[in-house]
Amino acid sequence: MRLTSAGRQARTISVALRDRPYEIHIAAGLRHQLGDALAACGISSGTKVLVVTNPAVDGPYGAAVSASLKTAGFHAECLVIAAGEEQKTMAGLATIHAACFRQRLERGSLIVALGGGVVGDMAGFAAATWLRGIAVVQVPTTLLAMVDASIGGKTGVNHPGGKNLIGAFHQPRLVLIDPETLETLPQREFRAGMAEVIKYGVISDVALFERLERHGPLNSVSAVGAELLQALLEASTAAKARVVAADELEGGLRAILNYGHSLGHALESLSGYGTYLHGEAVALGMHAIGLIAQRMGAWTAAEQQRQARLIEACGLPLVWPSLDVDAVLDCLQRDKKVRGGKVRFVLPRAIGRVEITAAVETALVGEVVSELMA
Ligand code: NAD
Ligand code: GLY
């Protein structure tokens with residue numbers, strides 16, 4: 001079945017996993033067609049569906065999604081959980097499990113995650129664990145969740161000792177992206193999502209990077225405009241789909257998706273979670289690792305400048321807050337990607353190409369980070 005919206009056909013990107021391939025549909029207005037999309041991917045009408053969302057998303061979009069499910073014959077109920085990273089805990093997960101129990105979800109039932117990455121990760125993990133695993137469909141409503149969190153099957157919650165320490169790989173059956181839902185997203189959240197879009201340009205897509213460069217300001221949905229928005233969603237989801245299909249469980253290549261993230265995570269945790277949005281921290285992390293790569297002679301000053309200009313065009317920061325440099329270096333040692341005590345960085349080599357390396361001198365990291373601080 002072809003999904004269309006306002007007369008236009010949805011663009012479909014495939015995540016070509018051998019055992020569990022799935023599709024990502026992207027088109028304005030698709031939220032009204034969730035029921036048809038589920039039917040088209042083989043989920044029978046009459047299936048019980050638990051929609052997990054939060055108040056900021058339920059308000060503008062909950063009714064349309066529920067109506068679409070009911071019209072297509074699904075038995076849908078909605079669970080509205082509180083918003084925020086601080087809800088992404090085992091206690092938050094228990095709230096979703098309680099709703100699964102109340103609704104008597106069965107092995108053939110489905111959870112729909114309607115929201116940003118927090119809802120997506122939590123609802124995905126609830127689906128991974130309820131009855132040892134039921135299906136989940138991701139309907140992301142933040143730019144970050146559209147281009148990153150909803151694709152690839154990483155689900156989980158935070159532990160008091162660190163972010164995303166508890167989780168499971170659980171691929172969605174389908175990802176449905178409706179760019180119109182970004183119209184209500186706070187601009188700061190939109191800009192944070194643009195950091196991940198820049199990331200895809202640097203790690204694997206020169207054409208995407210150059211198209212963004214040609215556009216001018218990219219700091220809001222309206223500045224980006226509907227045409228470029230659709231194009232960047234297609235390019236970013238395709239980039240993520242390629243990497244996930246090649247390395248589902250992060251045995252190697254998938255680590256390139258963490259470009260800018262090691263330093264970004266250190267900054268996020270040292271400045272107190274919530275001070276910087278994830279995408280803002282990633283922008284600062286990309287700027288820092290770019291400068292490190294430049295000093296190592298691995299990429300040129302011109303490329304570093306191009307990346308910095310794009311980060312600025314998205315209204316994202318380049319200047320680090322004042323932090324204890326030793327604490328940053330210490331934090332890096334606790335990164336998930338450390339092997340045998342060596343931090344493995346994703347180093348940019350050219351726009352569109354990165355490499356994973358442990359050959360970055362700690363002293364250079366410290367020198368660059370302190371230089372970038374306000
Ligand atoms: P989020 O889910 O907290 O959403 C940001 C804010 O926007 C929230 O207040 C939310 O209520 C609101 N919101 C969402 N959609 C809206 C809309 N359309 N209109 C108005 N308000 C809306 O944040 P996020 O940036 O989407 O996700 C961050 C989370 O994603 C983190 O927990 C991170 O660990 C996770 N993540 C997961 C992966 C993965 O591969 N699973 C990848 C990246 C990030
Ligand atoms: N967000 C990184 C990954 O999915 O691997």
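The chain is numbered in sequence order, starting from 1. The structure presented is a predicted model; accordingly, all values stated were derived computationally and were not measured. Just follow the structure's listing: the first ligand is 1, and inside any ligand the first atom is 1.
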Exercise. Does L185 approach ligand 1 within less than 4.0 angstrom via side chain, backbone, both or neither, non-hydrogen atoms only?
Worked result: both

Seminar exercise, completed: min-distance protein heavy atom vs atom 30 (O) of ligand 1 -> G117 CA, 3.3 Å

Exercise. Looking only at distance, does V119 have an N or O less than 3.5 Å from an N or O of ligand 1?
Worked result: no

Exercise. What protein heavy atom is closest to atom 4 (O) of ligand 2, reported as residue, atom name and distance in Å?
Worked result: K240 NZ, 2.5 Å

Exercise. Tell me: protein heavy atom nearest atom 32 (O) of ligand 1, and distance?
Worked result: E85 OE1, 2.6 Å

For this session: Would you kindly specify which portion of V57 sits under 4.0 Å from ligand 1, judged on non-hydrogen atoms: side chain, backbone, both or neither?
Result: side chain

Exercise. Does K240 have a non-hydrogen atom less than 4.0 Å from ligand 1?
Worked result: yes

Exercise. Should one rank A149, A145, G116 by closest heavy-atom distance to atom 39 (C) of ligand 1, which comes out on top?
Worked result: A149

Problem set entry | From N258, L257, L249, D148 - option closest to atom 1 (N) of ligand 2 by heavy atom | D148

Problem set entry | ligand 1 atoms in contact with K163 (distance to a heavy atom under 4.0 Å) | 31 (C), 33 (C), 34 (O)

Exercise. Polar-atom distance check: Y61 versus ligand 1, any N or O pair below 3.5 Å?
Worked result: no

Exercise. What do you reckon, does K154 have a nitrogen or oxygen under 3.5 Å from a nitrogen or oxygen of ligand 2?
Worked result: yes

Exercise. Which protein heavy atom lies closest to atom 15 (N) of ligand 1, and at what distance to 0.1 Å?
Worked result: T141 OG1, 2.8 Å

Exercise. Going by the atom numbers of ligand 2, which of them fall below 4.0 Å from some non-hydrogen atom of E250?
Worked result: 5 (O)

Seminar exercise, completed: The protein heavy atom nearest to atom 14 (C) of ligand 1 is T142 CG2, 3.3 Å

For this session: Go through ligand 1 atom by atom and flag the ones less than 4.0 Å from a non-hydrogen atom of E189.
Result: 5 (C), 6 (C)

Exercise. Among protein heavy atoms, which lies nearest atom 20 (C) of ligand 1, and at what distance?
Worked result: T184 O, 3.1 Å

Problem set entry | Under-4.0 Å heavy-atom contact with ligand 1, by part of T155 that carries it | neither

For this session: Starting from atom 3 (O) of ligand 1, find the nearest protein heavy-atom neighbour and note its residue, name and distance.
Result: V118 CG2, 3.4 Å

Exercise. In Å and rounded to the nearest 0.5 Å, what is the CD1 to CD1 distance from I151 to I177?
Worked result: 5.5 Å

Exercise. Just heavy atoms, cut-off under 4.0 Å: does H278 contact ligand 1 by side chain, backbone, both, or neither?
Worked result: neither

For this session: With heavy atoms only and a cut-off of under 4.0 Å, state how N164 meets ligand 1: side chain, backbone, both or neither.
Result: side chain

Problem set entry | Side-chain donor-acceptor contact under 3.5 Å, H97 with T129 | yes

For this session: Would you verify whether the NZ or CZ of R20 falls within 45 degrees of the ring axis of Y22 while also being under 6.0 Å from that six-membered ring's centre?
Result: no

Problem set entry | Close-contact set for ligand 1 against D121 heavy atoms, below 4.0 Å | 34 (O), 35 (C), 36 (N), 37 (C), 39 (C), 41 (N)

Exercise. Out of curiosity, T275 OG1 to L270 CG, how far, rounded to the nearest 0.5 Å?
Worked result: 10.5 Å

For this session: Write out the residue and atom name of the closest protein heavy atom to atom 18 (N) of ligand 1, then the distance separating them to 0.1 Å.
Result: T181 O, 2.8 Å

Exercise. Which of the numbered atoms in ligand 1 are below 4.0 angstrom from a heavy atom of D148?
Worked result: 42 (C), 43 (C)

Exercise. Does E196 approach ligand 1 within less than 4.0 angstrom via side chain, backbone, both or neither, non-hydrogen atoms only?
Worked result: neither

Exercise. What residue and atom, counting heavy atoms only, is the protein's closest point to atom 11 (O) of ligand 1, and at what distance?
Worked result: N54 ND2, 2.9 Å

Problem set entry | Residue portion contacting ligand 1 (non-hydrogen atoms closer than 4.0 Å) for A83 | side chain

For this session: Using a strict 4.0 Å cut-off to heavy atoms of A56, name the atoms of ligand 1 that fall inside it.
Result: 11 (O), 21 (N)

